[in-house]
Amino acid sequence: AKEEKAAPVAAKPVFKVGLVTDLGGIDDKSFNQGTWEGVIRFGEENGLVKGTDYKYLQSGAEADYVPNLSTFADEKLDLIVAPGFLFANAMGEVAEKYPQQKLMIIDDSSVQKPNVVCAVFAEHEGSYLVGVATGLKAKADGKKVVGFIGGMQFPLIEKFQAGFEQGVKAVYPEAKILVDYAGDFGAPDKGQALAQKQFNAGAYIIFHAAGGTGNGMIKEAKERSEKGDVRWAIGVDKDQYSDGLYGDKSAVLTSMMKRVDVAAYEVAKMTLAGQFPGGQTLVFSLKNNGVGIPNENPNLSADIVASVNEYAKKIASGELVVSEIPAK
Amino acid sequence: MAFIIEMLNIVKDFPGIRANDDVTLQVEKGSIHALLGENGAGKSTLMSILFGLYSPDGGSIRIRGETVRISDPNVANELGIGMVHQHFKLVHNFTVTENIILGLEPKKGPVLDIKSAAVKVAELSKLYGLDVDPFAKIEDISVSMQQRVEILKMLYRDAEILIFDEPTAVLTPQEIHELMGIMRRLVEEGKTILLITHKLKEIKAVADTCTVLRRGKLIGTVPVAGTSEASMAEMMVGREVSFSVDKGPSHPGEVVLDIKDLCVKNAKGLLGVKNLSLSVREGEILGLCGIDGNGQTELIQALTGLAPIESGSVTVRGVDITDLPVKQRLDSGLGHIPEDRHRHGLVLDFRLDENMVIHSYGSEPFSRHGILDYGAIRKNAERLIDEFDVRSGRGADTKARSMSGGNQQKAILAREIDRSPIAFVIAQPTRGLDVGAIEYIHKRIVAERDKGKAILLASLELDEILDVSDRIAVIYGGEIVGVVDADKTDENELGLMMSGSVRKAG
Amino acid sequence: MNLGMILEMFPIALMFGAPIVMAALGGLFSERSGVTNIALEGIMMVGAFAGASVTVVLEPVTAMAPWLGLLTGIAAGMLFSLLHAFTSIHLKADQIISGTALNILASGLTIYLCQILFNQQRTRAFSYGLRKVTVPILSKIPIIGPMLFYEMYPTFYLAITLVVVTWFVVFKTPFGLRLRSCGEHPQAAASMGINVYAMRYAGVIASGAFAGLAGATMVLTQDIQYTVTSIHGTGFIALASLVFGKWNPWGVLGAGMFFGFSQTLSYYAKDIKILASLPLEVFYALPYVLTIVALVVFAGKSVGPKAAGEIYDQGKR
Amino acid sequence: MANRKLGDARKGDALLVPIVAVLLGFVVGSVVVMITGKSPLVMFNAMLQGLTGLNVARGSFNPRYIGELVIQAMPIILTALCFGFAARTGLFNIGAEGQLMIGSLAATTVALLVKAPAFIHIPLVLVAGMAAGALWGAIPGYLKARFNVHEVVVTIMLNYVALHMNNLLILNVFGSFDKVKTAPFPQSALLKDPWLESITNGSRLNWGFIPVLIAIVVYWFVIEKTTFGYGLRAVGYNKDAAKYAGMKVNRNIVLSMMIAGAFAGLAGAVITTGTFNFGRALSAAEGYGFDGMAVALVGSNQALGILLAGLLFGMLKAAGPLMQSNGIPKEIGGIIQASIVLFVAMKYGLERLIAMLRLRRDKASSLPVTGEEAGV
Ligand SMILES: Nc1ncnc2c1ncn2[C@@H]1O[C@H](COP(=O)(O)OP(=O)(O)OP(=O)(O)O)[C@@H](O)[C@H]1O
Ligand SMILES: Nc1ncnc2c1ncn2[C@@H]1O[C@H](COP(=O)(O)OP(=O)(O)OP(=O)(O)O)[C@@H](O)[C@H]1O
Ligand SMILES: [Mg+2]
Ligand SMILES: [Mg+2]
């Protein structure tokens, strides 16, 4: 690895990265945005020009995936990144049509092509940690009910639910966990309605794995807390602390970070260095800090953070194995 | 004597046609002034100019001696000019009062003051003997009542000059009679009336003066008292017109259309036709007359399959068509000229040639195996246009919408006669047409009779019934109250029967 | 399903119902004046965009920001609807085509403006939007209190007020009489000296105001920012409510609330024993199926304003 | 009146208005691009490439774009035929989207469950899509005919029902492991063809264009040339007159909606087995219905008009990635589309404008445009 960052101008490489977003768009506060941030970081560090050396195409429909990827492939970019397992088929097709094109897909391990690198995450591990935090916090405050709101109910999101449930139960077996799926990743109104429902049913803390839908939940937690009826939200993908701000407080207890930015950044760096891990599936887990909670957790007491870290160590070391499938 | 209205040298152009060509019209205050002319002569256009709907391309208007520019109906209103349009301009789901006060609403604070408005309407209605219920909805009242609402609209606005555009086309003789009374009453109260009508008799009955237009040009203004109907007609058409229908005696054969104990529900779900029996023989015209709303429409719609039959039977030459759908009725030899030519008679957005095959497009030669043969369709239209003298801008290519009412009617007539039905139901065939067109249509109907067709002719026009029919059936309250021979009856007797006061077996 | 659950559903259902009712009232004004407005969706988007933008920008400055956002939503809706008014009234456009154009334009335009203003595909997120209120005293009333007065968005009361106002204006004032006459028989109205163009402009612009307000309300109560999916078909639901409510403000209120409730029901379905075994998708589809059923059951003669959708031509007989 | 004259079109000048509308649409697009600080030339270059595959700036040729143009145009042409067909019968069908989804669902079902050689399997898939779309279209048709329920509301509602029904079955019945799509279809069910892909430099071009072309011809033929089409048009313009003439009005309404639905259903089948090779759960409608509506309106519900307008809008879509890649916001395409539709709506104004320009050019006699011609 060459780490001569001292003179970026002189060492400016000719390297182009493209991101194709899914329907959510580049600023979805979720994994499209996360991936883009990784690309930006890579671009800035290497003195690339935004809009020409690194850029993105936004998809308006699933039918746009292939033409968008192909357009970049025709431009012979050095790396094309696409976040989301929905890209799996399109990625497979394009990989075949452009065997020289280096491609990366996030959240999917099914595309087995020599010119594609897959990045997947151990969401259940990170979710376990926020589950632990949730359990401890609820127990400490004498609350019995917590909740989970998922976007759409499919295995990827069930990993979040599974990890969260195991984490809560590990520290607070009596806790009741409400579970709802919104059927949508971009509907804050649904998130808000489901949050109202769960909060009304006594939920003290809600963890969401619902992208934009979860924003409605955070909003509801914020509004209630501000009025003195303290409730907590747990963010996902990125550190959502700032989304929960009211006054100088935040209703976001902590977040389950899924470092898609790291994945994109790392793969881009490897590719630039001529070490494109084609055909491999990279797993981002607690072990390599691919998932986890933020470094700063102002709303968590020190002892909760300490226990969370303990669990993190156990999981990272393999001592504790978290199941990916929710208990029925 | 001072003229209250002076329209001087009016010119109005429409694309391709000069509707008014240097027309001068002078009307004395307190008189009834008739306006006469063929369809399309420019009468409505002239009145629309006076009412501010169109602006003239030339000429000037003086009201009460002052030159005015009537740029829109508001100005006309302010000048005390009101107009009853050929097609009523009433909002159907509004009440009588709401229609009358529209645009000039009394208020209590910001709120509509319907109550005091209704009182005023009731007063006006009483003053002129109009007898209108201020709270009735327009869609629930008869056509003549609607017309009275139109009159009230003008009176409510204190109009001094009242324009009536073909007010009697939709009225029954009794109603026409009442309207004449109302008009005289209005004149007595100091109003001035401009009356457009195709009926010379009416002009004779009420008008003081008559102005005749032909093809947009002024032919002349004559005092009614000293001018005969025949000479007025000649001024209008430019040739002599025969008023009596030229027909020989009928030679009725066997019964073709047989109606037995027919019951039909009306729009309100009540029986509009009750146990009605009637038969029409081949080679005769049976006139059906009655006051509007006494079941004619229901009867005709039931016969032709547009409304379901509750009970009873209808046969055409012995074939029971009671429950048959429209298509099969037509195939059994029934023919139908509908009362409402725009609603039923034509697809206004189709070309004339397409309209001419509306029944027969599915059969040879107009189509083969479900595929249309436009060549044959066009040929057919051209033949009919030629034979029936249907006039339109672009021949077979003309959109039906852009044809004049008279020519639309001729087109329907051509189409239906050409089908050669054996039993022919004809409703209001000459509504709103000028005497020339009426003459022609009557001739064709009689010709059909002479070919041995059985014809049921429904009309609100008593003259038409008396002139064209061989026998006359009178309908009242959904029942036939009498059947009489046309040459053995008169307007008076029919009138009495139509009002239900006399019954007479046929 | 128990009483508590039903009470709980109220505030949620009314949150969903309020913008539907507002937009449908807008449609009512427009159609009553004789102009079909299938652009409610697009106008709502524009209103939502404007409302969210102003709220985001002004939030740090004033607590009135969301209210100013609502006002801006109204103004933006009016401005946008002017396009529909101009093309369909002055240029005698087919109102369906014009409305469709507005709907397509709205999504392109708002997102384009977001990019100019915020450098992203959506507005920045505001931190509060409108806040719920608890009405003192009234909220203490048993049953009714928690249903209607506890932690409710003030826009619900606004919607109810607008229903009353609409009813009053349309059915009790001279303006309303004139407006309706233009939707039923514009030639008749014109012959009475009413300026049909002006009335139709008024109707369409009112619909812009209402739909703009509805859009702003929606984004400020149910979202955290404006995105291209913020309105997600609510304008069309409002259009359906207008038909379902038979072009009458009270009917519209009922229809809008019906939608609010059936949507809310889908969130609670899984907690209701007899429904719990069904797949979620069944409940997502429920509001729409119920609407069709209701339309069939209540199918009547009542049709909309006769002349709605018709191009006004003075010369027409 | 009930029959909006959606179906009305005139000859001669009829073509002029859409052409002027399209040009003006591009003018608006250019202005917007300039406001963004970019050169409209970049946009036009992208569009030209989207249309012909030629990149003038770089002097390269990539036929893939032609293939993609066709791919983008196919479904919206079909949904336009769907909207247009109903419109010609006086019905306002906003339900193309739902009919498409149901068609796609049926195609998925047949593709997955039936085992047959391609020459049977493919037609079966297409027919299934059409039949399902027709059935879905029959619902609003029947409700309108039988209960006089407004088709606009029913079709809007059915779009949502179709979405959730599609998801229900894809997720719970045909779901593959990730539960958002089905297993891939067998090769025998696919319209895809490596040869077509290779001649267009790896685009997704597939045999779907054959049924689309057939659909356009059928549309034209049925409406303009058959007695059946005559009946449908008559019902569209004047129900009462159609009834008077002995036509089965209610049956025609249902049939018309069914045929319209079949077009959309076919679109669903073509997308699922041509563009994709698996059934998909959707989180929201994809907009094919509204695109189709716009195409039909710009093409004034005429077969040829729809074909051309469909290709135009397909081009805008195909050029989308190119524009984006050059820093032009993807919304420009939408803004241009909307402007074109808006200008088409302004027909009357445009006609007057054209007449005025003509009048100025040849001061000889030229009649002003009458209300009649303006589509009163
Ligand atoms: N709005 C219009 N646009 C174009 N031409 C018109 C219009 N109105 C009338 N015309 C033309 O002007 C002429 C005069 O029409 P007008 O309606 O005044 O006739 P009319 O005497 O009232 O006939 P009728 O007895 O049938 O009512 C007609 O030949 C018609 O072609
Ligand atoms: N939009 C139009 N453009 C041009 N001419 C028209 C238009 N509408 C009507 N006309 C013409 O106006 C004249 C009068 O039409 P109208 O329908 O009033 O005829 P009419 O004989 O009075 O029929 P009706 O008996 O139905 O009143 C016709 O000659 C017709 O050609
Ligand atoms: Mg006239
Ligand atoms: Mg006339």
Side-chain angles (χ1 to χ4, degrees), chain A residues 16 18 20-26 50-52 55-75 77 84-86 88-90 92-94 96-99 107-110 151-158 181-187 190 211-213, chain D residues 46 49-50 55 58 60 62 64-65 67-69 71-72 74-75 163-164 167 171-172 175-181 184 192 194 197-198 201-204 271-272 274-278 280-288 291 317-327 329-331 333-334:
Chain A
K16 294 191 175 192
V20 176
T21 78
D22 74 357
L23 312 185
I26 202 70
K50 189 168 162 185
T52 47
K55 54 188 177 183
Y56 66 87
L57 289 180
Q58 176 148 3
S59 305
E62 235 178 298
D64 293 347
Y65 292 172
V66 171
N68 281 349
L69 290 170
S70 304
T71 299
F72 273 165
D74 281 338
E75 292 183 16
L77 300 193
F85 67 91
L86 287 175
N89 286 67
E93 246 176 71
V94 173
E96 247 168 54
K97 282 178 194 161
Y98 298 89
D107 266 358
D108 178 89
S109 57
S110 69
M152 283 168 94
Q153 190 165 10
F154 42 64
L156 178 72
I157 302 301
E158 283 177 339
Y181 279 88
D184 204 324
F185 284 100
K190 289 185 184 159
T213 301
Chain D
Q49 196 176 359
N55 184 335
R58 264 192 238 157
S60 61
N62 187 347
R64 188 174 66 76
Y65 286 101
E68 291 299 337
L69 157 74
I71 289 294
Q72 295 282 7
M74 286 189 322
L163 173 75
H164 296 300
N167 289 357
L171 294 175
N172 299 299
S176 66
F177 167 74
D178 61 19
K179 285 187 75 177
V180 292
K181 56 178 188 280
K192 289 174 186 284
E197 290 177 9
S198 69
N201 191 23
S203 83
R204 290 169 299 165
I271 295 173
T272 351
T275 312
F276 295 97
N277 61 345
F278 47 86
R280 301 171 300 140
L282 302 166
S283 60
E286 298 188 293
Y288 292 112
D291 283 344
K317 282 170 177 283
L322 288 166
M323 290 200 244
Q324 263 198 86
S325 177
N326 287 300
K330 131 175 170 314
E331 283 63 42

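Chain naming here is simple, since letters A, B, ... match the order of the sequence lines and numbering starts at 1 in each.
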| Electrostatic pair Lys181(D):Glu62(A) at N-O distance under 4.0 angstrom | no

| said: Could you go through Glu331(D) and Gln58(A), starting from their C-alpha distance and side-chain angles, then the distance that decides it, and tell me whether this counts as side-chain contact (heavy atoms from CB on, under 4.5 Å)? | reply: CA-CA 11 Å; Glu331(D) 283 63 42; Gln58(A) 176 148 3; 5.9 Å; no

| query | Checking heavy atoms, do the side chain of Thr52(A), its backbone, both or neither come under 4.5 Å from chain D? | reply |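 Nothing of Thr52(A), per the 4.5 Å heavy-atom cut-off to chain D.
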
| task | Please state whether the side chain, the backbone, both or neither of Phe185(A) comes within less than 4.5 Å of a heavy atom of chain D. | result | neither

To the nearest 0.5 Å, how far apart are [atom1] in [X] and [atom2] in [Y]?
X: Lys330(D); Y: Ser59(A); atom1: NZ; atom2: OG; result: 8.0 Å
X: Glu286(D); Y: Asp64(A); atom1: CD; atom2: CG; result: 9.0 Å
X: Gln153(A); Y: Asn172(D); atom1: CD; atom2: CG; result: 9.0 Å
X: Met152(A); Y: Ser283(D); atom1: CE; atom2: OG; result: 6.0 Å

| request: Quick one: closest heavy-atom pair of Leu57(A) and Pro321(D), and the distance? | output: CD2-O, 3.4 Å

| Checking heavy atoms, do the side chain of Ser60(D), its backbone, both or neither come under 4.5 Å from chain A? | neither

| request: Identify which part of Asn326(D) has an atom lying under 4.5 Å from any heavy atom of chain A, answering side chain, backbone, both or neither. | output: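 No part of it gets close to chain A.
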
| message | According to salt bridge (Lys or Arg N to Asp or Glu O under 4.0 Å), who are the partners of Asp22(A), at least two apart in sequence or on a separate chain? | response | none

| request: Name all residues meeting the salt bridge (Lys or Arg N to Asp or Glu O under 4.0 Å) criterion together with Asp291(D); count only those two or more places apart in sequence or in a different chain, and write none if there are none. | output: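 Per chain and number, Asp291(D) pairs via salt bridge (Lys or Arg N to Asp or Glu O under 4.0 Å) with Lys317(D).
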
| request: Could you go through the side-chain contact (heavy atoms from CB on, under 4.5 Å) check for Glu93(A) and Lys192(D) one step at a time? | output: CA-CA 12 Å; Glu93(A) 246 176 71; Lys192(D) 289 174 186 284; 3.7 Å; yes

| So which of Ser325(D), Gly202(D), Gly327(D) has the biggest tally of heavy-atom pairs under 4.5 Å with chain A? | Ser325(D)

| task | Assess whether side-chain contact (heavy atoms from CB on, under 4.5 Å) is satisfied between Thr71(A) and Tyr65(D), documenting all intermediate values. | result | CA-CA 9 Å; Thr71(A) 299; Tyr65(D) 286 101; 3.6 Å; yes

| Pick from Gly51(A), Pro67(A), Ala61(A): which one has the most heavy-atom pairs with chain D under 4.5 Å? | Pro67(A)

